[in-house]
Amino acid sequence: MATFAVIYTYSDDTELRAAVRPRHRAYLGGLGEQSICLVAGAWTPTEPPGALLVFRADSKEEVEDLLANDPFVTEGYVVDKQIFEWGAGIGPLAKQFQ
């Protein structure tokens, strides 16, 4: 399995975010319980709207398929996403991502 970093860019629609966020968190939480979504979190309020997610999967296509079912994606709150295969090489957590 490989590790993938996902960068989401969100819309500015805070009402949509509030309405969909519980389903989004439940969806990613379920993937976390399966050790697929290793960590996910939004940028702080001082940054542009978006988030970083880290996945373990066999391929970029698998990650894309998983993201296609994220309620933030299906409801249009994510306006752009980038997926990068990532190799953690340095730091105290690096071995957990290899």
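Quick note: numbers below take in every heavy atom, side chains included, and nothing from hydrogens, waters or symmetry partners. The structure presented is a predicted model; accordingly, all values stated were derived computationally and were not measured.
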* To do: State plainly whether one hydrophobic cluster holds both Tyr27 and Ile36, where clusters connect Ile, Leu, Val, Met, Phe, Trp and Tyr through side-chain heavy atoms under 4.5 angstrom apart.
  => yes
* Asked: Can you name the residues that form a side-chain hydrogen bond (donor to acceptor under 3.5 Å, both in side chains) with Thr44, not counting sequence neighbours?
  -> Thr46
Show me, pair by pair, the donor-acceptor contacts under 3.5 angstrom made by side chains of residues 59-67, not counting sequence neighbours?
from  : atom 1 : to    : atom 2 : distance (Å)
Ser59 : OG     : Glu61 : N      : 3.4
Ser59 : OG     : Glu62 : N      : 3.0
Lys60 : NZ     : Ile83 : O      : 3.4
Glu62 : OE1    : Asp58 : N      : 2.9
Glu64 : OE2    : Lys81 : NZ     : 3.2

What distance do [X] atom [atom1] and [Y] atom [atom2] have between them, rounded to the nearest 0.5 Å?
X     : Y     : atom1 : atom2 : value
Phe4  : Leu38 : CZ    : CG    : 11.5 Å
Ile7  : Trp43 : CD1   : CH2   : 5.5 Å
Leu28 : Asn69 : CG    : CG    : 11.0 Å

* **Partners passing side chain to side chain contact (heavy atoms under 4.5 Å, CB included) against Glu33 (at least two apart in sequence or in another chain)** => none
* Structure fact -> Sequence neighbours excluded, the answer for side chain to side chain contact (heavy atoms under 4.5 Å, CB included) partners of Val39 is Val54
* Which pairs count as salt bridge (Lys or Arg N to Asp or Glu O under 4.0 Å) when at least one residue sits in residues 88-98, sequence neighbours excluded? -> none
* **Where at least one partner belongs to residues 4-24, residue pairs that pass salt bridge (Lys or Arg N to Asp or Glu O under 4.0 Å), sequence neighbours excluded** => Arg23-Glu75
* Provide the full list of ring pair (Phe, Tyr, Trp, His ring centres under 6.0 Å) pairs with a residue in residues 45-70, sequence neighbours left out, each pair given once. => none
* Listed once per pair and sorted, the ring pair (Phe, Tyr, Trp, His ring centres under 6.0 Å) pairs that draw on residues 59-81, sequence neighbours left out -> Tyr10-Phe72, Tyr10-Tyr77, His24-Phe72, Phe72-Tyr77
* Nearest heavy-atom neighbours spanning Ala5 and Leu52 -> CB-CD1, 4.3 Å
* For Ser11 and Val79, which heavy atoms make the closest approach, and how far apart are they? -> CB-CG1, 3.8 Å
* To do: Please step through side-chain hydrogen bond (donor to acceptor under 3.5 Å, both in side chains) for the pair Asp70 and Tyr8, ending with a clear verdict.
  => CA-CA 11 Å; Asp70 180 349; Tyr8 272 173; 2.8 Å; yes
* Could you list the residues that satisfy ring pair (Phe, Tyr, Trp, His ring centres under 6.0 Å) with Trp86, not counting sequence neighbours? => Phe97
